[in-house]
Amino acid sequence: GNSVTQMEGPVTLSEEAFLTINCTYTATGYPSLFWYVQYPGEGLQLLLKATKADDKGSNKGFEATYRKETTSFHLEKGSVQVSDSAVYFCALRVDPGGYQKVTFGIGTKLQVIP
Amino acid sequence: SAVISQKPSRDICQRGTSLTIQCQVDSQVTMMFWYRQQPGQSLTLIATANQGSEATYESGFVIDKFPISRPNLTFSTLTVSNMSPEDSSIYLCSVLDEKLFFGSGTQLSVL
């Protein structure tokens, strides 16, 4: 079956530090990969995505590259801000039409301190 | 983009009782989904709720335990029935409007 493994948190960083949140996956077929973010008191929202190998998704200074050879989709940001404090979920979807088959990781809580 | 209002945001319930969670969307959407996130685990899809048809439940979830209503294209409810402490979890509704949008979740604690 499909699965997503992401590093457990919480991750605590100082403002302007470099961020990496690891995500690896197992999937049948060729998945699309996603990062969702949940800010305190809000719903999950799509942060970025990549639909094929070597694609790089980017948004709000965050980046993730679809690495088929290592089955990974690590999230990075060069300089985090306090406003980036949130829970980050890695996810995959195999069937392009099957949105109901999105598989999520457990979420990684990021705390950025001034 | 769709805006979802989910309530209650949290509740503490007694064993054996039932809780109904509401999900209101600001636009008409065909597909709505209900997820559960148990402590330390990933989001798990409970069921898909399309207007005008019975909800489709994933393996391990049954209608008697999690009845769902979908009376129109902007509203759905999920009921957690005959609750036990194992039902303590975050419940999330989600809609498909070109991409997935999520409500802010319901934190349920069962004593």
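Basis for what follows: all heavy atoms, side chains included, without hydrogens, waters or symmetry-related copies. Naming convention: chains lettered A, B, ... in sequence-line order (proteins, then strands); numbering from 1 in each chain.
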Atom pair [atom1]/[atom2] of [X] and [Y] - distance to nearest 0.5 Å:
X       : Y       : atom1 : atom2 : value
A/Leu92 : A/Tyr25 : CG    : OH    : 8.5 Å
A/Lys49 : A/Asn59 : NZ    : CG    : 11.5 Å
A/Arg67 : A/Lys56 : CZ    : NZ    : 7.5 Å
B/Leu45 : B/Glu58 : CG    : CD    : 4.5 Å

Select one option (side chain, backbone, both, neither) describing which atoms of B/Leu92 are under 4.5 Å from chain A's heavy atoms.
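When you check distances to chain A, only side chain atoms of B/Leu92 fall under 4.5 Å.
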
Part of B/Gln6 lying under 4.5 Å from any heavy atom of chain A:
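No part of B/Gln6 comes within 4.5 Å of chain A.
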
Check whether any side-chain heavy atom of [X] lies under 4.5 Å from a side-chain heavy atom of [Y], and answer yes or no.
X        : Y       : value
B/Phe61  : B/Thr44 : yes
B/Met32  : B/Ile68 : no
A/Thr108 : A/Leu75 : no

For chain A, which residues from residues 102-111 of chain B have at least one heavy atom closer than 4.5 Å to it?
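So the qualifying residues are B/Phe102, B/Gly103, B/Ser104.
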
Proximal to chain A - members of residues 73-82 of chain B, heavy-atom separation under 4.5 Å:
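Listed by number, there are no contacting residues, so the answer is none.
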
So, for A/Phe104 and B/Leu43, which heavy atoms are closest and what is the spacing to 0.1 Å?
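For A/Phe104 versus B/Leu43, the nearest heavy atoms are CD1-CB, 3.8 Å.
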
Quick one: sort the B/Tyr91 and B/Phe66 rings into parallel, tilted or perpendicular, breaks at 30° and 60°.
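Ring orientation, 0 to 90° scale: tilted.
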
Below 30° counts as parallel, above 60° as perpendicular, anything between as tilted: where do the rings of A/Tyr88 and A/Phe62 land?
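If you compare the ring of A/Tyr88 with that of A/Phe62, the planes turn out tilted.
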
Please classify the contact between A/Gln6 and chain B as side chain, backbone, both or neither, with a heavy-atom cut-off of under 4.5 Å.
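Contact with chain B is absent: no heavy atom of A/Gln6 under 4.5 Å.
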
With a 4.5 angstrom heavy-atom cut-off, could you sort out which part of A/Tyr39 is near chain B: side chain, backbone, both or neither?
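Neither the backbone nor the side chain of A/Tyr39 comes within 4.5 Å of chain B.
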
Do the side-chain N and O atoms of A/Thr26 and A/Ser3 include a donor-acceptor pair separated by under 3.5 angstrom?
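Side-chain D/A pair, A/Thr26 to A/Ser3: present.
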
